[in-house]
A.B. asks: 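Pasting a structure here, questions to come.
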Amino acid sequence: MSVKPEGDAATAQAVTDDQGYAVYRTEETLSLSLVIPMYNEEDNVAPLVARIHEALGDLSMPWEVVLVDDGSADTTPDHMLAAREQYGRHVRVLTLQRNFGQTAAMQAGIDHARGSVIATLDGDLQNDPADIPVMVRRLLDEDLDMVAGWRKDRHDDLWKRKVPSRIANKLIRWTTKVNLHDYGCSLKVFRAQVLKGVRLYGEMHRFIPAWFATQTSPRRIREHVVTHHPRAHGDSKYGISRTFRVILDLLSVYFFMRYKARPGHFFGSIGLFFGALGSAILGYLLLIKVLLQADIGTRPLLFVGVMCVLVSVQLLTTGVLSELMARTYFESGRIRSYVVRERNREDAAGDDWCRPG
């Protein structure tokens with residue numbers, strides 16, 4: 001069954017598929033939203049916005065910039081507002097209540113983006129906005145849903161950035177089976193219709209291609225070699241400890257990619273293993289008690305058998321229920337992983353795009 005799209009971003013055309021169902025194909029009114037989360041990047045705001053305007057000056061579609069201040073402790077918000085005053089209302093500013101992390105800041109920007117195409121990039125001037133028009137054109141010309149940046153010639157510290165990134169990329173590729181070289185590159189271009197169906201929590205921004213593969217075919221995901229610059233101002237917010245967080249996040253990604261629709265199979269298989277082990281141990285002890293009249297009350301094996309059965313029951317009940325409740329909590333539509341200050345909310349209506357010409 002197909003739902004008719006609404007809003008100004010698309011014009012629906014009803015056609016009939018092979019089974020006689022009405023299918024709505026959309027002709028998008030193309031527009032681009034750039035989402036840029038920033039944390040303590042006061043020296044980078046002005047040059048970044050300037051580079052964006054230089055790179056997108058000849059873009060053939062309306063575009064906007066969504067700058068998200070992730071609770072910066074410096075003057076980053078003031079520089080964002082100054083850029084808005086200098087360039088116009090198509091530079092939009094979101095100020096989060098506190099530091100929620102890059103993933104939540106990125107999700108906030110995605111939620112407030114209005115374009116039919118959404119591009120994300122870091123605010124540290126290491127991503128080059130000049131790559132965006134080429135990636136957008138490739139997304140549209142090749143009918144893709146995502147084009148991910150690949151920092152093939154990366155200018156970062158070997159041990160603090162490159163080594164952790166290589167380890168993380170190999171782990172993610174092996175676990176998710178989505179074959180990209182550089183999951184950590186924030187420079188990506190998406191179709192908004194698909195991206196807005198993906199919710200990001202914790203530190204899941206580096207797993208966007210994996211989550212994306214649950215919403216669309218991996219064949220509609222491609223990568224594009226992009227320019228990477230050395231960091232000119234500020235300090236990196238990441239290090240070797242990121243690898244350990246990636247391992248923990250991978251467990252969640254693995255679960256939801258393979259068992260989202262059947263969580264009972266994941267917990268049930270483990271629970272049945274412990275249940276079978278505990279039952280075998282208790283059955284063995286019962287035979288000893290009945291046939292040999294042996295005393296089993298003080299045997300450590302009895303405790304192991306009982307614990308295995310209890311663990312089995314816990315996995316078959318509490319584990320499944322808690323995971324389903326957590327997913328329902330976050331996907332209910334009323335809960336978000338960030339809070340926007342009321343004074344920074346903007347009316348999305350109005351002609352405040354940067355238009356060609």
Side-chain angles (χ1 to χ4, degrees), residues 8-9 29-102 104-133 136 186-189 192 229 231-235 237 336 338-357:
D8 297 331
T29 302
L30 295 175
S31 54
L32 173 66
S33 294
L34 272 66
V35 174
I36 310 175
M38 306 185 82
Y39 176 66
N40 291 345
E41 300 284 2
E42 57 185 358
D43 294 327
N44 293 326
V45 176
L48 176 61
V49 177
R51 287 187 187 180
I52 289 172
H53 282 78
E54 180 181 351
L56 303 186
D58 297 328
L59 195 68
S60 60
M61 66 180 71
W63 57 275
E64 65 176 0
V65 181
V66 183
L67 301 175
V68 184
D69 170 47
D70 187 24
S72 297
D74 58 9
T75 59
T76 296
D78 297 331
H79 285 79
M80 289 181 174
L81 295 174
R84 176 184 172 87
E85 290 296 323
Q86 179 180 356
Y87 291 99
R89 289 178 56 82
H90 64 281
V91 178
R92 305 171 60 205
V93 177
L94 285 178
T95 303
L96 302 191
Q97 189 81 7
R98 61 171 177 81
N99 178 237
F100 287 91
Q102 184 177 2
M106 186 175 292
Q107 184 66 67
I110 292 170
D111 287 344
H112 288 78
R114 301 170 299 170
S116 59
V117 177
I118 296 177
T120 61
L121 66 157
D122 280 334
D124 55 11
L125 293 177
Q126 292 192 269
N127 296 141
D128 196 332
D131 291 314
I132 295 175
V136 171
S186 294
L187 180 53
K188 297 181 176 71
V189 177
H229 300 287
R231 175 178 271 272
H233 307 287
D235 299 318
K237 314 304 188 291
R336 289 194 172 96
Y338 61 88
V339 180
V340 177
R341 292 184 187 273
E342 291 294 331
R343 65 182 179 88
N344 289 113
R345 293 185 184 275
E346 301 179 35
D347 186 2
D351 188 14
D352 51 0
W353 295 85
C354 184
R355 297 185 179 276

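Residues: numbered from 1 along the sequence shown. Owing to the predicted nature of the structure, the values given are computational and were not obtained by experimental measurement.
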A.B. asks: Looking only at heavy atoms, what is the nearest atom pair of Ala105 and Val68, with distance?
C.D. replies: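 Shortest heavy-atom contact: O-CG1, 3.6 Å.
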A.B. asks: Do any N or O atoms from the side chain of Asp69 and from the backbone of Ser72 form a donor-acceptor pair under 3.5 angstrom?
C.D. replies: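 Yes, Asp69 side chain to Ser72 backbone: donor-acceptor pair under 3.5 Å.
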A.B. asks: Checking side chain to side chain contact (heavy atoms under 4.5 Å, CB included) for the pair Met80/Ile36: CA distance, chi angles, key distance, verdict?
C.D. replies: CA-CA 11 Å; Met80 289 181 174; Ile36 310 175; over 6 Å; no
A.B. asks: With sequence neighbours left out, what residues match Ser33 under side chain to side chain donor-acceptor pair (under 3.5 Å)?
C.D. replies: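 With sequence neighbours excluded, Ser33 shows a side chain to side chain donor-acceptor pair (under 3.5 Å) to Glu64, given in chain and number order.
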A.B. asks: Evaluate the ring planes of Trp63 and His90, with Trp represented by its six-membered ring, and classify them as parallel (under 30°), tilted (30 to 60°) or perpendicular (over 60°).
C.D. replies: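 Rings of Trp63 and His90: perpendicular, over 60°.
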A.B. asks: Enumerate donor-acceptor pairs with a distance under 3.5 Å from any side-chain N or O in residues 54-62 to protein atoms, sequence neighbours excluded.
C.D. replies:
none

A.B. asks: Any idea which heavy atoms bring Leu125 and Arg51 closest together, and the distance?
C.D. replies: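 In terms of heavy atoms, the two residues are closest at O-NH1, 3.5 Å.
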A.B. asks: Are the side chains of Thr120 and Leu187 in touch, meaning some heavy atoms are under 4.5 Å apart?
C.D. replies: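 Side chain of Thr120 against side chain of Leu187, heavy atoms only: no contact under 4.5 Å found.
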A.B. asks: Treating Asn127 as the side-chain partner and Leu121 as the backbone partner, does any N or O pair qualify as donor plus acceptor under 3.5 Å?
C.D. replies: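 Absent.
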A.B. asks: How long is the straight-line distance from CG of Asn99 back to OH of Tyr39, given to the nearest 0.5 Å?
C.D. replies: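 Atom-to-atom, Tyr39:OH and Asn99:CG are 4.5 Å apart.
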A.B. asks: List the atom of Pro133, the atom of Ala130, and the distance in Å for their closest heavy-atom pair.
C.D. replies: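 Closest approach of Pro133 to Ala130: CD-O, 3.4 Å.
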A.B. asks: How many angstroms lie between atom CD1 of Ile132 and atom NZ of Lys188, to the nearest 0.5 angstrom?
C.D. replies: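 Here the rounded value is 13.0 Å.
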A.B. asks: Is it true that Asp124 and Asn44 share a donor-acceptor pair across their side chains at a distance under 3.5 Å?
C.D. replies: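 The answer is no; no qualifying pair exists.
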A.B. asks: Go through Val117 and Val189 one step at a time and tell me if the side chain to side chain contact (heavy atoms under 4.5 Å, CB included) criterion holds.
C.D. replies: CA-CA 7 Å; Val117 177; Val189 177; 3.5 Å; yes
A.B. asks: Using side chain to side chain contact (heavy atoms under 4.5 Å, CB included), reason through Val66 and Leu94 one step at a time and then give a plain yes or no.
C.D. replies: CA-CA 7 Å; Val66 183; Leu94 285 178; 4.1 Å; yes
A.B. asks: Ignoring hydrogens and angles, state whether a donor on the side chain of Gln126 or Asp122 is under 3.5 Å from an acceptor on the partner side chain.
C.D. replies: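 Absent: no donor and acceptor within the cut-off.
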A.B. asks: Closer than 3.5 angstrom, by distance alone: can the side chain of Arg92 be matched with the main-chain N or O of Ala113 as a donor-acceptor pair?
C.D. replies: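 Checking the backbone N and O of Ala113 against the side chain of Arg92, no donor-acceptor pair under 3.5 Å is found.
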A.B. asks: In Å and rounded to the nearest 0.5 Å, what is the CG to CG distance from Leu48 to Leu67?
C.D. replies: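 With rounding to 0.5 Å, CG (Leu48) is 7.5 Å from CG (Leu67).
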A.B. asks: Between Asp70 and Arg98, what is the shortest heavy-atom contact and its length?
C.D. replies: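 What the structure gives for the nearest pair is OD1-O, 3.7 Å.
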A.B. asks: Could you tell me which residues satisfy salt bridge (charged side-chain N to carboxylate O under 4.0 Å, His left out) with Glu42, sequence neighbours excluded, listed by chain and number?
C.D. replies: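 Per chain and number, Glu42 pairs via salt bridge (charged side-chain N to carboxylate O under 4.0 Å, His left out) with no residue.
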A.B. asks: Is the charged tip of Arg114 near the ring of Trp353: under 6.0 Å from the six-membered ring centre and within 45° of its axis?
C.D. replies: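 Output yes; distance and angle both within limits.
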A.B. asks: Rounded to the nearest 0.5 Å, what separation is found between the CZ atom of Arg84 and the CZ atom of Arg89?
C.D. replies: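 Arg84 CZ to Arg89 CZ: 5.0 Å, rounded to 0.5 Å.
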A.B. asks: Checking Asn40 side chain against Ala73 main chain: does a donor-acceptor pair fall under 3.5 Å?
C.D. replies: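 Yes; judged by distance alone, with no hydrogens or angles, the pair exists.
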